[in-house]
Novice: 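Handing you this structure, nothing more for now.
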Amino acid sequence: MVVTRFAPSPTGYLHVGGARTALFNWLWARRAGGTFILRIEDTDQKRNTPTAAQQVMDDLRWLGIEWDEGPEAGGPNGPYLQSQRMDIYDKYIKQLLDEKKAYYCFDTAEELDAFRKEAETQKKSFSYTRPKEFPGESDVEKAKAQGRDVTVRFAVPQDVPLVITDIVRDEITFAASEIGDFIIQKSDGFPTYNFACVVDDYLMKITHIIRGQEHLMNTPGQQALWKALFGDAQLPKYAHMSVTVSDTGGKLSKRERPKALRNAIKTMQDIETVRVGQQLLLPLPDKESKSIQDDIKTGKLAEVGGIAPEELDSFIKGKTTPDMPAIGAMAEYLGVALPEINIVDFFKSGYLPETMVNFLALLGWNPGDNREIMPIGELIESFDLSRLSKSNSLFDRKKLLSFNMEHMKMTPPEKVLEHFRAYLKVVNSPVNSAEDELLSTIIKLCEGTRTLVDIERKSRFLFLDNNEIQYDEKAVKKILLKGDGLAVLAIVRKKLAAMEQLTEQGIEDMLRSLAEEKQAGLGKVAQPLRVAICGTTVSLPIFESVQMLGKENTLARIDTTLKKFAAEN
RNA sequence: GGCCCCAUCGUCUAGGUAGGCCUAGGACACCGGGUUUUCAACCCGGCAACAGGGGUUCGAAUCCCCUUGGGGCUACCA
């Protein structure tokens, strides 16, 4: 029987690293017909946010990762929130204390800091100096009376080296002195991660612990703790996955989004400084104020992000970091594309969950042959811990994009429709007003497209009122104003008006013959029409576009376009 | 700084546990050409790697050592 678990701490949205960990554990449980448990590690009162657990669960469900036991699902090993298991941890802490395998500490943060600095100057790793005599309960009372914090440390057996066996890396040996006595109960009474997870893994009968390499150094301590607590009980098997690194170097982390925004703002400021110097400052499109400096000075940017101007200033200087929603809002306002880190980011960027699951699975694992694009069922069938790779993998967004295209092709249309609908709802798109049937048609017309974002962009014009069309400056210049675009458009308008009914075939015949007449490619006549009805050069195929928009709207938009730009020509 | 892990095309990787089947395979990206009503897609072709140095061996991408490089951890975070 295989039992795996995903044990996130609820500090925010599920990010790619966490999602991959969850996926590997889930895949392994499914492959073996075992149990997959979701356990919320909310032992840090400072970091937990009340909605985070819910967000994480939503994201897991979006990915299709369902847990057999855990919050909302229930199960025989509950509760599945560590904050609700305090009595259990207390019991085991007491047991260790009674057996003299753990001891009380009363150090202040400053004292510990000093110890660490001392170790550093001596070029040694810091390890807590164990007292010769363990303090008793009376000392605890005394310390408390003095207002000192009371913590409990585990006395790591110092006589033998700690050897761990890892599925990915085989045996790794650590000197016991390197591990040192670590805290298992914090001064607020909560257990630390290293303690709670050992207790829970035992009680929940976890057989395989699949987690990131960042936990490798925790493992010897956790195993020692396991032995102290549960004797010879069979240890779980460990598999430490390689870290996923970002293309900017280093571990892929949430910090990248603020970093990207900060860099973007700085770059904008720099460019602006140069432009101001050269008196070249032009209004940027789609923005009320004309410069980033103004946006900062007037407090506009801070307001968009819902933070104080001082906070923004401190952020730009690299001193502090506002929360994610603020970062997102400011980036959107400035038109800065942030790297996707959280699973919801990918959802908002128009990726399919099928893509994410497939791509995530290949981060540090592969089936051993040349297969890459795989549906979930195939992933489950092929997954094997023996094929986890040792070296770090880079999160390659370009490859992800191409994966998404493949999955758009192979995912059943009704499934894509479902995903598209969810996407439209979240981004509040006018396209959401379409009936399912129409949406399906649109999706079909977008075959070969990469993301749901593209489908929305291409079809958006159909659901806007005629007066809501926004003309892309570049498109207008290139297609309408340069050459005889407007003249051609006028002819097209006449011909369309003359047609009794706008059928796809009729439109095609008309445009093709006109192009032939002009001895030019179809683009010559189609593009002005496209810009007229969409405002941009990118849309659904033109014949269908016109036909779906209808004669009345098409003619109205052409007229508006003609009138608007005739003067400028 | 200390401890630990890792090292094949630009990127993800196959091959490494059974050394010869590897003049190193695939995918993404990139470059060239074709197709084309936009963006994509699609078709054809191309570029491109065993980090360096020592060993072991008849023979090493594959085993060993060193160097270099990258990463992780070093919390009363998980």
Side-chain angles (χ1 to χ4, degrees), chain A residues 7-11 18 41-44 46-47 105 107 109 112-113 116 119-127 149-153 166 168-170 172-175 177-180 182-188 190-194 196-197 211-218 220 240 242-243 245 247 249-251 359 362-373 386 389-403 405 409 446-450 454 457-458 475 479 508 511-512 515 521-527 529-531 534 536-543 545:
Chain A
S9 67
T11 54
E41 309 223 324
D42 52 350
T43 54
D44 185 350
K46 288 173 289 254
R47 293 209 317 164
C105 293
D107 312 271
L112 288 173
D113 256 6
R116 273 191 207 97
E120 202 166 322
T121 51
Q122 288 188 15
K123 304 193 172 192
K124 280 198 281 198
S125 21
F126 166 74
S127 118
D149 286 342
V150 178
T151 57
V152 178
R153 273 179 201 269
D166 180 80
V168 182
R169 287 160 231 275
D170 290 331
I172 306 168
T173 306
F174 298 85
S177 59
E178 286 298 328
I179 306 306
F182 54 92
I183 292 181
I184 55 177
Q185 187 176 54
K186 306 184 237 179
S187 58
D188 62 2
F190 275 80
T192 58
Y193 158 75
N194 274 314
C197 105
R211 52 170 30 165
Q213 194 199 236
E214 59 267 27
H215 289 290
L216 196 60
M217 296 298 276
N218 292 143
H240 288 95
S242 56
V243 174
V245 296
D247 40 18
K251 190 164 83 166
F359 192 75
L362 257 24
L363 246 33
W365 173 81
N366 70 77
D369 46 41
N370 284 333
R371 283 177 300 160
E372 288 200 314
I373 303 293
S386 70
S389 67
K390 292 179 187 168
S391 44
N392 293 169
S393 44
L394 187 131
F395 193 85
D396 183 352
R397 293 194 165 75
K398 289 217 174 116
K399 188 147 183 167
L400 175 69
L401 206 53
S402 106
F403 265 50
M405 192 195 78
K409 279 185 201 161
C446 289
E447 214 185 318
T449 203
R450 302 178 132 176
D454 294 337
R457 276 205 201 118
K458 285 180 169 193
I479 307 294
E508 173 162 4
L511 288 175
R512 282 199 193 282
L522 193 51
K524 182 86 179 166
V525 294
Q527 282 305 76
L529 177 57
R530 193 188 305 274
V531 175
C534 310
T536 70
T537 53
V538 178
S539 81
L540 300 174
I542 191 68
F543 315 134
S545 287

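Per chain, numbering begins at 1; letters A, B, ... match sequence-line order.
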Novice: Measuring from the side chain of A/Q213 (C-beta onward, heavy atoms only), which nucleotide among B/C3, B/C5, B/A14 has the closest atom?
Specialist: B/C5

Novice: Round to the nearest Å and state the distance from A/L529 atom CG to B/U38 atom C1'.
Specialist: 11 Å

Novice: Does some side-chain heavy atom of A/R169 sit less than 4.5 Å from a side-chain heavy atom of A/Q213?
Specialist: yes

Novice: Measure the shortest side-chain to side-chain distance between A/L522 and A/I542 over non-hydrogen atoms and say whether it is less than 4.5 angstrom.
Specialist: no

Novice: Do A/N194 and A/I184 have side chains that get closer than 4.5 Å, going by heavy atoms?
Specialist: no

Novice: Both A/S393 and A/V538 contact RNA chain B. Taking the nearest nucleotide for each, which residue is further toward the 5' end?
Specialist: A/S393

Novice: Name the nucleic acid region contacted by A/G364, choosing base, sugar-phosphate or nothing; use a 4.0 angstrom heavy-atom cut-off, strictly under.
Specialist: sugar-phosphate

Novice: For atom P, what is the distance between B/C66 and B/C6, given to the nearest Å?
Specialist: 14 Å

Novice: Is the shortest side-chain N to carboxylate O distance from A/D369 to A/R371 below 4.0 Å?
Specialist: yes

Novice: Give me the distances for all protein-to-nucleotides 33-37 of chain B N/O pairs that come in under 3.5 Å?
Specialist:
| from | atom 1 | to | atom 2 | distance (Å) |
| --- | --- | --- | --- | --- |
| B/U37 | OP1 | A/R512 | NH1 | 3.4 |
| B/U37 | O2' | A/R530 | NH2 | 3.2 |
| B/U37 | O2 | A/R530 | NH2 | 3.0 |
| B/U37 | O2 | A/I542 | N | 3.2 |

Novice: With rounding to the nearest 0.5 angstrom, report the CG to SG distance, A/D149 to A/C105.
Specialist: 11.5 Å

Novice: Would a distance-only check, ignoring hydrogens and angles, find a side-chain to backbone donor-acceptor pair under 3.5 Å from A/S9 to A/T11?
Specialist: no

Novice: With heavy-atom distances below 4.5 Å as the criterion, would you say the side chains of A/S177 and A/S127 are in contact?
Specialist: no

Novice: Does the side chain of A/S402 reach to within under 4.5 Å of the side chain of A/E372, using non-hydrogen atoms?
Specialist: no

Novice: Working to the nearest 0.5 Å, report the span between OG1 of A/T173 and CD of A/E178.
Specialist: 12.5 Å

Novice: Establish, from distance only, whether the side-chain atoms of A/R530 and A/S539 form a donor-acceptor pair under 3.5 Å.
Specialist: yes

Novice: May I ask which nucleotide in the shown strands pairs with B/U68, Watson-Crick or G-U wobble, both distances under 3.5 Å?
Specialist: B/A7

Novice: Between B/G26 and B/G70, how far apart are the two P atoms, rounded to whole Å?
Specialist: 31 Å

Novice: Say we look at B/C39 and B/C31: how far apart would their P atoms be, to the nearest angstrom?
Specialist: 16 Å

Novice: Is it the case that B/C6 (base atoms only) and A/K390 (side chain only) share a donor and an acceptor within less than 3.5 Å, ignoring hydrogens and angles?
Specialist: no

Novice: What residues, two or more places apart in sequence or in another chain, satisfy side-chain hydrogen bond (donor to acceptor under 3.5 Å, both in side chains) together with A/R512?
Specialist: A/E508

Novice: Taking the side chain as every heavy atom from C-beta outward, state whether A/L400 and A/F395 have any pair of such atoms under 4.5 Å apart.
Specialist: yes

Novice: How does each nucleotide of nucleotides 17-28 of chain B score, in 5' to 3' order, for protein heavy atoms under 4.0 Å: base (B), sugar-phosphate only (S), or none (-)?
Specialist: --------BBBS

Novice: Using the C1' atom on both, measure B/G25 against B/A14 and round to a whole Å.
Specialist: 7 Å

Novice: Whom does B/C30 pair with, Watson-Crick or G-U wobble, provided both distances fall under 3.5 Å?
Specialist: B/G46

Novice: For the C1' atoms, the ones on B/U74 and on B/G16, what distance do you get once it is rounded to whole angstrom?
Specialist: 32 Å

Novice: Taking N or O atoms only and anything under 3.5 Å, show me the protein contacts with nucleotides 64-66 of chain B, one pair per line.
Specialist:
none

Novice: Does a side-chain N or O from A/K409 land closer than 4.0 Å to OP1 or OP2 of B/A40, or not?
Specialist: no

Novice: Take A/T43 and A/T192 through the side chain to side chain contact (heavy atoms under 4.5 Å, CB included) test and state the conclusion after the steps.
Specialist: CA-CA 7 Å; A/T43 54; A/T192 58; over 6 Å; no

Novice: Here's a test of your reading of the structure: between A/D454 and A/G368, which maps to the more 5' nucleotide of RNA chain B?
Specialist: A/G368

Novice: With rounding to whole Å, what would you report as the distance between B/A49 and B/C44 at their P atoms?
Specialist: 24 Å

Novice: Can you check nucleotides 75-78 of chain B for protein contacts, nitrogen or oxygen pairs under 3.5 Å, and list what you find?
Specialist:
| from | atom 1 | to | atom 2 | distance (Å) |
| --- | --- | --- | --- | --- |
| B/A75 | OP2 | A/R116 | NE | 2.9 |
| B/C76 | OP1 | A/R116 | NH2 | 3.4 |
| B/C76 | OP2 | A/R116 | NH2 | 3.4 |
| B/C76 | O2 | A/S187 | N | 2.6 |
| B/C76 | O2 | A/S187 | OG | 2.7 |
| B/C76 | N3 | A/S187 | OG | 3.1 |
| B/C76 | N4 | A/D107 | O | 3.1 |
| B/C76 | N4 | A/D149 | OD2 | 3.4 |
| B/C77 | OP2 | A/K186 | NZ | 2.9 |
| B/C77 | O2' | A/D44 | OD2 | 3.1 |
| B/C77 | O2' | A/R47 | NE | 3.2 |
| B/C77 | O2' | A/R47 | NH2 | 3.2 |
| B/A78 | OP1 | A/T43 | OG1 | 2.7 |
| B/A78 | OP1 | A/K186 | NZ | 2.8 |
| B/A78 | OP2 | A/Y193 | N | 3.0 |
| B/A78 | O3' | A/E41 | OE1 | 2.8 |
| B/A78 | N6 | A/N218 | OD1 | 3.1 |
| B/A78 | N6 | A/N218 | ND2 | 3.3 |

Novice: So if I define the base as every atom that isn't primed, P, OP1 or OP2, how would nucleotides 47-53 of chain B read as a B/S/- string at a heavy-atom cutoff under 4.0 Å?
Specialist: -------

Novice: What is the distance from CG of A/L511 to P of B/U38, rounded to the nearest Å?
Specialist: 13 Å

Novice: In this structure, how many angstroms lie between the C1' atom of B/C4 and the CZ atom of A/R169, rounded?
Specialist: 10 Å

Novice: Provide the Watson-Crick or G-U wobble partner of B/G20, both distances under 3.5 Å; none if there is no partner.
Specialist: B/C58

Novice: Give the ring-plane orientation class for A/F359 versus A/F403, where under 30° counts as parallel, over 60° as perpendicular and anything between as tilted.
Specialist: perpendicular

Novice: How many angstroms lie between CD1 in A/I479 and CD in A/Q527, if you round to the nearest 0.5 Å?
Specialist: 5.0 Å

Novice: With side chains defined as the heavy atoms from C-beta onward, is the minimum distance between A/P367 and A/L362 less than 4.5 Å?
Specialist: yes

Novice: Using purine N1 to pyrimidine N3 plus N6-O4 or O6-N4 for Watson-Crick, or N1-O2 and O6-N3 for G-U wobble, both under 3.5 Å, which nucleotide pairs with B/G1?
Specialist: B/U74

Novice: Applying a 3.5 Å limit to both distances, which nucleotide forms a Watson-Crick or G-U wobble pair with B/U35?
Specialist: none

Novice: Quick check for you: to the nearest 0.5 Å, what is the distance between A/L540 atom CG and A/R457 atom CZ?
Specialist: 13.5 Å

Novice: Could you give the CD-to-C1' distance, from A/E178 to B/C5, as a whole number of Å?
Specialist: 15 Å

Novice: When the P atoms of B/A48 and B/U56 are compared, how many Å lie between them, rounded to an integer?
Specialist: 34 Å

Novice: Tell me whether A/K399 is salt-bridged to A/D396, with the criterion being a basic N under 4.0 Å from an acidic carboxylate O.
Specialist: no

Novice: In this structure, how many angstroms lie between the P atom of B/C9 and the CG atom of A/L394, rounded?
Specialist: 13 Å

Novice: When you compare B/A51 with B/A24, how far apart are their P atoms, in angstrom units rounded to a whole number?
Specialist: 15 Å

